[in-house]
Asker: 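Mind looking over this structure? Questions follow.
Source: prediction; values computed, not measured.
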Amino acid sequence: MSEAATQGKQTHGFQTEVKQLLQLMIHSLYSNKEIFLRELISNAADASDKLRFAALSNNALYENDGELKIRVSFDEEKNTVTIEDNGIGMNADDATEHLGTIAKSGTADFFKNLTGDQAKDSQLIGQFGVGFYSAFIVAKKVVVRSRKAGDDVSQGVEWTSEGEGDYTIEQIEKSTRGTEITLFLSDEEKEFASDFKLRSIIKKYSDHIATPVEMWKEGTPESEGEDGEKIEAVEGEWEVINKADALWTRDKSELEDAEYQEFYKHISHDFEDPLTWAHNKVEGKSEYTSLLYIPKKAPFDLWNRDKQRGLKLYVQRVFIMDDAEQFMPTYLRFVKGLVDSNDLPLNVSREILQDNKVTQTLRKGCTTRVLKMLDRMGKNDKENYQMFWDEFGQVLKEGPAEDMGNKEAIAKLLRFASTHNEDGTQSVSFPEYLERAKEGQDKIYYLVADTYEAAANNPALEIFRKKGIEVVLMYDRIDEWLMSHLTEFDGKQLVSVTRGDLDLGDLEDEEAKKAQEDADKEFATSIERFQGVISDRVKEVKVSHRLTDSPACIVTGNSDMSPQMIDLMKQMGQPVPDVKPVFEVNMEHELVKHIDQVQDEAQFKQWVEVLLDQATLAERGTISDPSTFVKRMNSLMLSLTK
């Protein structure tokens with residue numbers, strides 16, 4: 001093949017992040033160097049898939065070579081390994097975009113999380129996904145030569161870098177389409193320029209790749225057998241090393257866990273094994289195969305709403321598109337995998353997928369499959385489910401608002417802290433809560449706060465602790481929004497313990513109810529006096545029936561927006577109404593009894609305002625005017641010394 005430069009070399013500097021990442025990889029991933037070949041073969045397979053799809057509408061892109069393949073070769077003398085494909089290829093712009101930058105969001109977060117501990121940092125690299133850059137784990141220099149399918153022979157590109165500060169791009173002639181990557185191995189990595197080594201790595205990591213991966217098999221000269229018969233010469237040939245069939249089309253009984261795990265790494269470019277997966281073939285009205293994985297770790301761009309994510313879509317084993325988001329709801333955006341449909345047309349586009357009945361059926365089926373897979377893990381493998389929840393729980397909490405049809409199934413998967421446990425671990429499910437519920441309890445009680453500590457120490461819990469009633473504790477930013485869409489579970493109403501009138505239903509005996517009514521009447525005059533001095537700051541003042549140890553608390557009216565929801569709306573730039581709290585006073589508390597006896601109206605007002613500020617601090621962790629609160633406190637403390 002004759003290839004010569006047609007224009008001068010252009011030198012470009014790497015992004016700062018790329019330079020950092022290359023250095024980090026070179027020093028962190030030595031424990032598993034051979035993954036470079038897996039990553040480069042995966043990229044080559046993707047290039048073949050993309051050409052196959054592009055050629056559906058333009059068969060000329062095959063350039064009379066429709067047999068897609070990946071070839072791996074080596075040169076022991078030159079100490080090189082070459083991976084070559086005849087897939088879609090790249091032009092100069094593609095090379096700059098894909099090889100000169102990290103085309104992923106979340107880069108800054110990635111570097112923020114680096115620890116300096118090589119073992120931990122290599123796991124972070126796995127979460128971030130590096131693909132092509134893994135070549136520099138073993139290579140001191142990488143040369144990429146490529147031509148995009150359909151471009152003129154003169155429009156080839158050569159990209160060269162030593163993985164330091166810069167790379168060069170040069171226009172070349174390249175007679176064949178596709179990409180050829182040559183790795184000039186470091187002196188200490190000579191073991192990879194070996195037929196046995198490369199074959200074993202391909203079998204280990206890339207057996208599932210649907211594109212044939214070939215290596216050269218040397219021929220044998222004509223020879224003479226032991227009894228003098230003539231043995232014909234055998235010519236050398238390119239030999240397929242992998243199974244080269246679509247893994248998802250094979251029967252589950254044929255597949256081993258290791259094959260599923262390697263296929264996951266191929267489609268996700270994750271370095272870790274998945275937590276679990278589900279492989280299903282559906283026949284009947286709609287025919288499709290799905291292979292769905294739950295990752296171990298969240299990617300760094302999980303919260304980037306603009307990031308395209310979804311499943312790989314195949315139609316009759318032909319790759320159609322990456323990130324087909326139509327098959328998975330947003331709250332399950334962490335799921336990796338693919339769908340292969342027999343019912344969609346080969347020329348399907350994102351636009352056609354939007355309102356397609358087949359798409360809706362597949363989406364419903366895949367969603368149900370994932371929810372059942374998670375439910376099964378939650379019941380049978382609590383340790384792994386806890387790992388899943390810690391990574392993806394807040395994303396799953398978006399579900400009840402987005403997917404009304406599966407609200408109950410999603411609610412079963414949610415995990416929270418509760419007063420049953422001594423720490424803030426989110427491990428309690430609603431079914432577990434109901435198993436422990438007291439006889440006659442027809443509600444699930446919960447409390448939302450800004451932190452676990454604020455939730456666990458909220459005065460509103462006092463009556464529940466006294467009566468031994470478990471309360472679910474919520475402290476994630478999304479929880480208040482979640483509970484505005486989740487009002488019941490398994491027929492039991494979900495009730496906030498810091499909202500409106502406390503109703504313990506059958507858990508409160510008649511004697512207690514009578515005592516509460518008597519207290520309301522007995523202290524009516526005192527409550528009216530309290531109301532009179534702070535009417536501008538509260539909606540109303542009431543005798544508290546939920547406090548046992550604290551003097552006062554604030555709660556939210558039944559029809560009002562909670563403080564957490566107000567904060568959430570403000571952060572979103574939404575206008576919010578001015579909501580005043582309900583002020584509840586424990587008339588049996590010694591401090592309240594003292595305040596009730598104060599005759600000086602100015603001092604009485606100060607005491608009541610301090611009481612309200614304390615209650616606000618206990619509930620919300622902050623007050624609007626701390627300096628005035630301190631002045632009042634100082635004034636009252638001085639008055640007690642006189």
Side-chain angles (χ1 to χ4, degrees), residues 1-10 36-37 39-75 78 80-100 131-132 135 139 141-161 167-184 193 198 202 206 209-219 235-242 244 318-319:
M1 171 175 17
S2 169
E3 296 170 354
T6 58
Q7 68 172 34
K9 287 185 181 179
Q10 299 173 19
F36 80 90
L37 191 56
E39 292 296 300
L40 296 179
I41 288 176
S42 284
N43 288 348
D46 288 345
S48 299
D49 282 343
K50 284 168 183 167
L51 175 64
R52 196 179 285 115
F53 173 61
L56 290 174
S57 53
N58 182 8
N59 197 58
L61 292 176
Y62 279 130
E63 301 179 8
N64 298 317
D65 177 17
E67 191 182 330
L68 299 177
K69 55 191 173 290
I70 300 163
R71 286 182 169 171
V72 178
S73 56
F74 67 96
D75 186 322
K78 293 180 180 175
T80 61
V81 172
T82 300
I83 299 93
E84 184 177 5
D85 68 71
N86 58 347
I88 193 73
M90 293 182 287
N91 57 27
D93 289 340
D94 295 331
T96 301
E97 181 185 349
H98 298 309
L99 309 183
F132 167 76
K141 177 181 171 185
V142 178
V143 177
V144 180
R145 311 173 92 202
S146 190
R147 177 171 67 78
K148 196 160 191 171
D151 282 0
D152 188 79
V153 170
S154 64
Q155 296 299 304
V157 61
E158 182 173 287
W159 182 99
T160 305
S161 177
Y167 60 92
T168 62
I169 282 192
E170 182 178 4
Q171 188 174 323
I172 61 169
E173 284 190 4
K174 189 172 187 298
S175 59
T176 56
R177 67 159 194 273
T179 302
E180 173 192 291
I181 301 175
T182 301
L183 311 184
F184 291 82
L198 293 174
I202 293 168
S206 305
I209 301 287
T211 307
V213 181
E214 302 177 345
M215 283 191 69
W216 183 254
K217 182 181 180 183
E218 292 292 348
E235 290 187 11
E237 62 176 351
W238 287 99
E239 179 185 23
V240 177
I241 306 301
N242 61 332
V318 176
F319 171 79

Asker: What are the two closest heavy atoms between S73 and L198, and how far apart are they?
Answerer: O-CD1, 4.4 Å
Asker: What I'd like to find out is whether the side chain of T96 reaches to under 4.5 Å of the side chain of Y167, using heavy atoms alone.
Answerer: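 They are in contact (side-chain heavy atoms under 4.5 Å apart), so the answer is yes.
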Asker: Between A54 and L61, which heavy-atom pair has the shortest distance, and what is it?
Answerer: CB-CD1, 3.7 Å
Asker: State, to 0.1 Å, how close L183 and A135 come at their nearest heavy-atom pair, and which atoms those are.
Answerer: CD2-CB, 3.7 Å
Asker: I need the minimum non-hydrogen distance between M215 and W238, along with the two atoms involved.
Answerer: C-CE3, 3.4 Å
Asker: For a quick check under 3.5 Å, do S48 and K50 share a side-chain donor-acceptor pair by atom type?
Answerer: no
Asker: Hey, what do you get for CD1 (I181) to CD1 (I83), rounding to the nearest 0.5 Å?
Answerer: 6.0 Å
Asker: Do D85 and T211 have side-chain heavy atoms sitting under 4.5 Å apart?
Answerer: no
Asker: Does the side chain of T176 come within less than 4.5 Å of N86's, by heavy atoms?
Answerer: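 No; the side chains remain at least 4.5 Å from each other.
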Asker: Is Q171 reaching over with its side chain to a backbone N or O of S154, donor-acceptor style, under 3.5 angstrom?
Answerer: yes
Asker: Kindly say whether M90 contributes a backbone atom to a donor-acceptor pair with the side chain of S146 at under 3.5 angstrom?
Answerer: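 Judged by distance alone, yes, a pair lies under 3.5 Å.
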Asker: Less than 4.0 angstrom from a charged side-chain N to a carboxylate O is my criterion; do R145 and E158 meet it?
Answerer: yes
Asker: Do F74 and T82 have side chains that approach each other closer than 4.5 Å (heavy atoms only, starting at C-beta)?
Answerer: no
Asker: Are E67 and Y62 side-chain neighbours, meaning at least one heavy-atom pair lies under 4.5 Å?
Answerer: no
Asker: Within the distance-only criterion (no hydrogens, no angle test), does the side chain of R177 pair as donor or acceptor with the backbone N or O of G150 below 3.5 angstrom?
Answerer: no
Asker: Take F132 and L40, measure what side-chain contact (heavy atoms from CB on, under 4.5 Å) needs, and give me the verdict at the end.
Answerer: CA-CA 6 Å; F132 167 76; L40 296 179; 4.0 Å; yes
Asker: As an exercise, state the distance from CG of L68 to CD1 of I88, rounded to the nearest 0.5 Å.
Answerer: 10.0 Å
Asker: Looking at every non-hydrogen atom in both residues, tell me the closest pair between A149 and L51 and how far apart they are.
Answerer: CB-CD1, 3.7 Å
Asker: Examine distances only and state if a side-chain atom of R147 and a backbone atom of G89 form a donor-acceptor pair shorter than 3.5 Å.
Answerer: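 No: the side chain of R147 does not pair with the backbone of G89.
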Asker: So, do S206 and N242 sit near enough that their side-chain heavy atoms are less than 4.5 Å apart?
Answerer: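 Counting from C-beta outward, S206 and N242 never come under 4.5 Å.
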Asker: Can a side-chain donor-acceptor contact be found between D151 and N91 if the only test is distance below 3.5 angstrom?
Answerer: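 The answer is no; no qualifying pair exists.
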Asker: What's the separation between atom OG1 in T160 and atom CZ in F184, rounded to the nearest 0.5 Å?
Answerer: 8.5 Å
Asker: Specify the closest pair of heavy atoms between I169 and A92, including all atoms of both residues, with the distance to one decimal.
Answerer: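 The pair with the smallest heavy-atom distance is CD1-O, 4.1 Å.
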